[in-house]
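Following: one structure in structure tokens, then a few remarks.
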Amino acid sequence: MTPVSLTMMDLQRNQLQAHLFPGDGNEAVAIGLCTRRAGDLRHRLLLREVHPVPYSQCAVRTPVSLTWSTDTLAPLIERAESEGLSIVKFHSHPNGYRSFSGADDASDGDLFPLLHGAVEMDVPHASVVMLPSGEMFGRSWWGGAFEPLLMINVIGDDLQFW
């Protein structure tokens with residue numbers, strides 16, 4: 001598969017950080033809708049919209065775990081299908097854990113095959129973790145398997161690359 005990267009504007013990164021780190025020390029989640037640019041060497045996801053999942057729709061929010069209602073996904077999946085968009089799940093690791101946890105693996109393992117089946121286009125989707133510093137890492141789901149994102153970059157007054 002072609003490697004996948006993610007690009008966003010600084011304003012979007014700030015919006016994500018404000019929602020994912022509300023000050024209570026617990027994990028949170030948001031959904032992004034992305035356009036794409038397919039290239040020979042890389043497939044770039046371009047974050048277009050951020051949709052915070054309300055904290056009230058999370059059955060569990062602790063410093064190390066998160067369970068959320070996927071009801072908010074239905075209209076976003078419909079839009080992704082009709083507009084040819086990719087979906088990115090963003091969530092936080094307030095404790096600074098720099099890897100996907102076992103709970104993340106289980107959650108993403110259930111979610112991304114469903115997204116791939118619901119958005120009936122051959123497009124990548126992704127899962128991204130944000131750390132308290134604002135640093136991010138992620139993985140794409142395309143072709144039935146997870147692959148690390150090649151890069152995440154933020155465009156603003158300064159350029160950030162992870």
Worked check of side chain to side chain contact (heavy atoms under 4.5 Å, CB included) between Leu131 and Trp162: CA-CA 12 Å; Leu131 301 175; Trp162 299 288; over 6 Å; no
Stepwise side chain to side chain contact (heavy atoms under 4.5 Å, CB included) test for Glu147 and Trp142: CA-CA 8 Å; Glu147 294 290 332; Trp142 198 7; over 6 Å; no
Stepwise side chain to side chain contact (heavy atoms under 4.5 Å, CB included) test for His125 and Ser86: CA-CA 5 Å; His125 303 289; Ser86 292; 4.2 Å; yes
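Listed here is the closest heavy atom pair of Ala30 and Val50: CB-CG1, 4.3 Å. Shortest non-hydrogen contact noted between Met151 and Phe161 is SD-CD2, 3.3 Å. Nearest heavy atom pair, residue Pro3 against residue Leu41, reads CD-O, 3.6 Å. The two residues Tyr55 and Ala28 have their closest heavy-atom pair at CE2-CB, 3.9 Å.
For the residue pair Arg44 / Thr7, a side-chain donor-acceptor distance below 3.5 Å is found, with atom types taken as modelled.
Of the inter-residue distances, the one linking Glu27 atom CD with His93 atom NE2 reads 5.0 Å to the nearest 0.5 angstrom. Separation of atoms CG (Leu111) and CG (Asp104) is listed at 11.5 Å; rounding is to 0.5 Å. Rounding to the nearest 0.5 Å gives a distance of 13.5 Å between CH2 of Trp68 and OG of Ser56. Atom CG of Leu73 sits about 13.0 Å away from atom CZ of Arg79, to the nearest 0.5 Å.
Contact check for Ser65 versus Val60: side-chain heavy atoms found under the 4.5 Å cut-off. Here the side chains of Met9 and Leu47 are not in contact, with every heavy-atom distance at 4.5 Å or above. Using a 4.5 Å heavy-atom cutoff, the side chains of Asp10 and Asp157 are not in contact. Residues Arg61 and Pro22 are in side-chain contact: their nearest non-hydrogen atoms beyond the backbone lie under 4.5 Å apart.
Shown are Leu76, Thr70, Ile87; of these, the side-chain contact (heavy atoms from CB on, under 4.5 Å) with Leu115 is made only by Ile87.
Summarising the local packing, CG of Leu159 is surrounded by more than 12 heavy atoms from other residues, nucleotides or ligands at distances under 6.0 Å.
Ring geometry for His91 versus Phe100: interplanar angle of 30 to 60°, hence tilted.
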